[in-house]
Amino acid sequence: MPDPDRDIVVMTGIDKSFPGVHALQNVNFSLARGEIHALVGENGAGKSTLVKVLTGADRADKGTIVIDGLTVSPRSPLHAQELGISTVYQEVNLCPNLTVAENLLIGRQPTHLGLAIDWKTVNARAREYLKQLDLDIDVTQPLGSYSVAIQQMAAIARALVISNAKALILDEPTSSLTALETAQLFSVMRKLKADGIAVVFITHFLEQVYEVSDRVTVLRNGSLVGTYQTAALPRLELIRLMLGRTIADLDDMTAHKIESSHNIAVDSLLEADDLGLSNSVEGFDLSLHAGEVVGIAGLLGSGRTEVANLLFGIDKPDSGTMTMDHTPVKNFSPAASIARGVALCPEDRKVEGIVADLSVRENIILAMQAGQGWFKRIGTREQYQIADRYIKLLSISTPSADQKVKNLSGGNQQKVILARWLAANPRLLILDEPTRGIDVGTKADIQKLVLSLAEEGKSCVFISSELDEVLRTSHRIIVMRDRAKVSEFSGEVDEKGIMQAIAGSAS
Amino acid sequence: MRNSFARIWGQLTESMLFLPTAVLLIILIFDFFFIPGFFSNLRLQDGHLYGSLIDILVHGSPTMILAMGMTLVIATGGVDLSVGAVIAISSSVAAIMINPTIVGMNLTDPRLFINNPQYTWMPLWLVFVVPLIIATLCGLWNGMLVSYWRIQPMVATLVLMIAGRGIAQLITNAIQIIIFNDTFAFVGNGYILFPFALYVAVAVFIGAWLLTWRTSIGLFVQSVGINYRSSFYSGINERRVKLFAYSFCGFCAGIAGLIIASNIRTSDANQIGMYTELDAILSVVIGGTLLGAGGRFSLMGSAIGALVLQATLTSMLSFGVPASAITAVKAVVVVAVILLYAEQTQSFLRGIGKVSVRQEAAR
């Protein structure tokens, strides 16, 4: 129950929609003074939207926010700062070419008689602020000369100084830190906690959740799953909550899947043997067959996308070999992959998928045209025929094939990209997070489509953050962890085993 | 009735060609009312058409040709500042191939370096082909810097913009070469009813249009300009597309160089084609292709853009603006045109159609 003496922030019934996506649905969140509160969930779960609503970067459609006993609605990050909520982002937004002291006191430097800046006091104060965080560095050096960890702490110090923050939000602070730096940051966080400041800690690293946080809030698909005492929540249970696997959703697709598993080809289409790339993904073995859906499960950053990028030739491997149709693959590039009959529907729809200003038709025929080369242009009438066929097949809702794809909703944009790859008529289709950020109905459509493609004899690789989706569509499941393939499951669904493999321990 | 006006107006204002055409018409209407004889001085004389309108077409031809190449470069998200320098190189190469004596080539026959209108050192077809090859290679160089070495287009082409004139002066020994050959001079001065240069410009336009829209190059150029990562993921060789755009731009600059040198019968490495890169960029911008962002492009728009610039210049001269003040007046016109493209003006224009629908509905 919310308690104004204990809770610095109470958010109730927060609802937020973007065109095509219901980003937050009736989410409750409370933050107590002097606690470290982890916020976890897969991509698209709504973590960042929740934080944006709290810091005023976005306005909630519904719901109330109470900060320090007052009902408010933060209008902007600046306004939120005045209310005592500060955020430190993953990329430190300070000026690396100014000194540490300048960064800390910029805009509020003490002066001699209101004229010249009193540098002695500036530096002394900066040192004092940093000492509060147990940090003793030369504040007259440029900020950029220090490690990311130090820069982040400077950003934290600035947040505390400037806004006299009562709550601090750390958005993925540890993603670019070494183990030592992370430990350093954690000791700062514990110190803040001891001083009565509330810390929201957003991370993908579950060990860190257990190491430092008192409570953990889990979001999934824009809904609140729950808030738990970290110490009392087994790790496996946390993963189950994040991935949203419930026995009840096993529906008729399972039967469909078992049925379709009969026409999986014996001969392999693509073989990867110890295929890997340093700093990306460790060598893995994989064989893909026509008529089969292979799911890749794992948490974000576990190496799922890296596997897809290697198979499609976005990245060139520096170890191992890949053969397709028993012929060694030498030319790793998207163009060569398309020529071989491989397609990748990439993870980041906006950056790697759509070409926003082109029409739906042009987006759909793009890969097919790239496969045909510069001089064999697909005729305009044929382009319309192809576009109209896929608009109907995937029920893309668009006024016409000439609509610019940027005017479509997220789910429809995703379908356009799927159509682009289906039009290229690949034998192997790799789908990286094809259902991210789209509504439930479309998700089911896409899952069914994947199974029917396999039935037609295509080989599919299905990558998703949502375990139930992977379980429902895949004949075989690869589990990735820490940028390496850890295990492979086929036949009977061993849900517990998969989750343990994802988590990396039996606890 | 009004509804159909709204629909047609809506389609018109949506079209990329609407604004450039409108601007050109405004300038011509201004000329019609304020410059006596601007239209009526059009006359047929010895089988040639003369007049202010023809002046606009013939003097606008080199810019129109440059704008074709520049359109593709800008559509990929780049820019080419070196076209003026490439003009200097191509005209210098052509001049030296016609009349090399002046650079101290030891030719014994004294007749050769005097004003013989038939004389050319190299066969004429080579005089046309070699400069174009060299100009295309200049563009290829720019394309290499931009696509393979990942240098910012503005910086990459600045290199050749500065170095190009130096190279041209090396070729001609920094001497102005007068071109006496009549056949070569026909390209920039000759008439077949219309000025010959105009035929070249139209041919380049048609060639560029066929090359982009009868193949998939146009689609790929736009796709790369809008989102090069998505294009890469879709199997488009983004580097090769850029390489092509810059090479084509160099090729167009080569043609423009030949026309200009032929027109003034001189190759002056230091001055020829000065600031033409800016005219070419302006033509493309007036034509509706977004500078910096790239993406959707219109060759027709760019061609009309080049005519807008030339019409402004010709009108100013006819109107009696002193030559020394021309650039200042041109700047004012350009600013006025660019303001037309602002989002506010655009939505105002679109609003005109909607208002009429609302009036209809109110009735």
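Every chain is numbered from 1, with letters handed out A, B, ... down the list of sequences.
In this structure, OG1 in A:Thr380 is found 10.0 Å from CH2 in B:Trp213, a value given to the nearest 0.5 Å. Once rounded to the nearest 0.5 Å, the distance linking CZ of B:Phe251 with CD1 of B:Ile134 reads 13.5 Å. If you take CG on A:Leu422 and CE on A:Met368, they are separated by 12.0 Å, rounding to the nearest 0.5 Å. For the atom pair CE of B:Met70 and CG of B:Leu72, the computed distance is 11.0 Å after rounding to the nearest 0.5 Å. Residue A:Ile386 holds its CD1 atom at 9.0 Å from CD1 of A:Ile364, rounded to the nearest 0.5 Å. Annotation: the span from B:Phe205 atom CZ to B:Met68 atom CE amounts to 6.0 Å, rounded to 0.5 Å.
Contacts between A:Ile417 and chain B at a heavy-atom distance below 4.5 Å are absent for every atom of the residue. Using a 4.5 Å cut-off between heavy atoms, A:Lys404 contacts chain B through its side chain alone, with no backbone atom that close.
Within the 4.5 Å cutoff, no side-chain heavy atoms of A:Asp315 are placed close to those of A:Glu306. Under the 4.5 Å side-chain criterion, counting only non-hydrogen atoms from C-beta, A:Asp325 is in contact with A:Leu269. Between B:Ile65 and B:Val200, some side-chain heavy-atom pair lies under the 4.5 Å cut-off.
Within residues 279-305 of chain B, the residues having any heavy atom under 4.5 Å from a heavy atom of chain A are, by residue number, B:Arg296. Contacts with chain A (heavy atom to heavy atom, under 4.5 Å) involve these residues of residues 230-249 of chain B, listed by number: B:Ser230, B:Phe232, B:Tyr233, B:Ser234, B:Gly235, B:Ile236, B:Arg240, B:Val241, B:Phe244.
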Given the rule in the side-chain contact (heavy atoms from CB on, under 4.5 Å) test, do B:Asn227 and A:Asp357 qualify, once you have shown the distances and angles that lead to the verdict?
CA-CA 9 Å; B:Asn227 188 339; A:Asp357 261 327; over 6 Å; no
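Of the listed residues (B:Gln222, B:Arg229, B:Arg214), the one with the most heavy-atom contacts under 4.5 Å to chain A is B:Arg229.
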